[in-house]
Amino acid sequence: MHGGAGTGWLLMVLCAVSGAYCLLRTRTGTPHERRDARSEALMGFGMAAMAVPAAVLSPPGWAWAVYAVLFGTAALRALRPALRGGHHLHHLVGSLAMVYMAVAMAPAVTGSGGSGHAGHGTTAGAGGVPLLTGVLLVYYAFYVLGSAGRLLPGSAVTPADGTGAAGRGPGGFGGGTDGRPELATACRLTMGIGMFAMLLTL
């Protein structure tokens with residue numbers, strides 16, 4: 001991050017921990033919930049990898065192409081479920097945002113020779129499109145606020161599928177439930193904050 005390597009390390013740790021918890025969630029729940037957890041684990045680990053300070057580990061130029069292909073594939077898989085709305089739409093937006101950041105940070109775009117890393121401590125800018133970056137920043141700002149609101153005492157929602165008892169939802173803008181909805185919400189909130197912080201570097 002532009003704020004220094006310490007910020008990059010903090011972001012990396014938070015995203016990695018969130019990804020690890022999402023990975024644990026793939027062991028329980030319905031097939032739908034496990035699929036969501038796998039998508040979120042991929043997002044968390046991908047963000048953690050992008051956030052590693054370049055002074056410690058500068059990724060090769062081809063790494064950004066790998067990120068773009070990986071999350072482009074994830075976006076294609078999320079496309080059909082996203083038509084049903086709910087948290088699937090957020091997964092699609094997140095995957096596309098990761099593709100966008102991978103392209104924007106690629107050395108061919110930044111001209112940085114591979115140092116366009118989200119966790120870098122230099123002032124080299126990435127090659128983002130200001131309007132698109134701004135739209136994503138607004139989206140994630142509202143997502144973070146929505147997710148944080150669901151962690152407040154007394155906040156209750158009806159599950160996205162309209163079944164079951166009302167309870168605190170695990171996602172900022174809807175989604176299923178699991179055994180620990182507050183932890184799932186906190187992980188999604190953390191990754192939303194991380195995505196917002198990474199977009200600020202573009």
Side-chain angles (χ1 to χ4, degrees), residues 1-26 36-57 59 63-64 66-68 70-72 74-75 78 87-106 115-122 125-126 128 132-151 169-173 175 180-202:
M1 306 293 289
H2 290 306
T7 306
W9 280 121
L10 177 61
L11 181 59
M12 186 210 72
V13 171
L14 289 175
C15 291
V17 170
S18 297
Y21 175 70
C22 291
L23 194 61
L24 290 176
R25 288 172 49 222
T26 63
D36 283 352
R38 286 194 294 269
S39 297
E40 290 161 2
L42 175 63
M43 185 72 63
F45 289 130
M47 291 172 61
M50 280 190 176
V52 176
V56 177
L57 179 63
W64 304 105
V66 172
Y67 286 138
L70 179 63
F71 286 100
H87 204 69
H88 295 292
L89 182 59
H90 175 67
H91 289 164
L92 176 61
V93 173
S95 296
L96 292 174
M98 291 292 284
V99 173
Y100 169 62
M101 288 194 295
V103 172
M105 294 176 185
S115 62
H117 209 274
H120 65 74
T122 69
L132 181 53
T133 301
V135 170
L136 289 171
L137 284 171
V138 170
Y139 172 83
Y140 276 100
F142 278 102
Y143 179 80
V144 167
L145 291 174
S147 297
R150 292 174 188 270
L151 289 174
F173 295 144
R180 300 295 297 275
E182 293 85 359
L183 287 178
T185 304
C187 285
R188 289 165 177 163
L189 173 62
T190 299
M191 289 193 287
I193 294 173
M195 187 71 80
F196 185 87
M198 293 173 73
L199 285 165
L200 283 176
T201 68
L202 298 184

Inset, instruction - For R150 and E182, run salt bridge (Lys or Arg N to Asp or Glu O under 4.0 Å): C-alpha distance rounded to whole Å, both residues' side-chain angles, the deciding distance at 0.1 Å, then the answer. - result: CA-CA 8 Å; R150 292 174 188 270; E182 293 85 359; over 6 Å; no
Inset, instruction - Run the numbers on L11 and M50 for side chain to side chain contact (heavy atoms under 4.5 Å, CB included), then give the verdict. - result: CA-CA 10 Å; L11 181 59; M50 280 190 176; over 6 Å; no
How close do [X] and [Y] get, counting heavy atoms only, and between which atoms?
| X | Y | result |
| --- | --- | --- |
| A68 | V103 | CB-CG2, 4.5 Å |
| L137 | F196 | O-CE1, 3.4 Å |
| T185 | S147 | CG2-O, 3.6 Å |
| G94 | M43 | C-CE, 3.3 Å |
| S18 | C187 | OG-O, 3.8 Å |

Inset, instruction - Going by the side chain to side chain contact (heavy atoms under 4.5 Å, CB included) test, name the single residue among R38, E40, R188 that passes it with C22. - result: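 So, applying the side chain to side chain contact (heavy atoms under 4.5 Å, CB included) to C22 and each of R38, E40, R188, only E40 qualifies.
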Inset, instruction - Going by the side chain to side chain contact (heavy atoms under 4.5 Å, CB included) test, name the single residue among M198, M101, M12 that passes it with M47. - result: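 Answer to the side chain to side chain contact (heavy atoms under 4.5 Å, CB included) test with M47 among M198, M101, M12: M198.
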Just wondering, do [Y] and [X] contact through their side chains at under 4.5 Å, heavy atoms?
| X | Y | answer |
| --- | --- | --- |
| Y67 | M98 | no |
| C15 | F45 | no |
| L70 | L42 | yes |
| H88 | L92 | no |
| V144 | M195 | no |

Legend entry - Distance, nearest 0.5 Å, that separates CG of L189 from CG of L183: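 Separation between the atoms: 12.0 Å.
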Legend entry - Gap separating the CZ atom of F71 from the CG atom of L96, nearest 0.5 angstrom: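 Between F71 CZ and L96 CG, I get 11.5 Å after rounding to 0.5 Å.
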Legend entry - Step-by-step side-chain hydrogen bond (donor to acceptor under 3.5 Å, both in side chains) determination, Y140 to H90: CA-CA 10 Å; Y140 276 100; H90 175 67; 4.8 Å; no
Legend entry - Derivation of the side chain to side chain contact (heavy atoms under 4.5 Å, CB included) call for V93 and L136: CA-CA 9 Å; V93 173; L136 289 171; 4.3 Å; yes
Inset, instruction - Under the side chain to side chain contact (heavy atoms under 4.5 Å, CB included) rule, what do F142 and V138 come out as? Steps first, then yes or no, please. - result: CA-CA 6 Å; F142 278 102; V138 170; 3.7 Å; yes
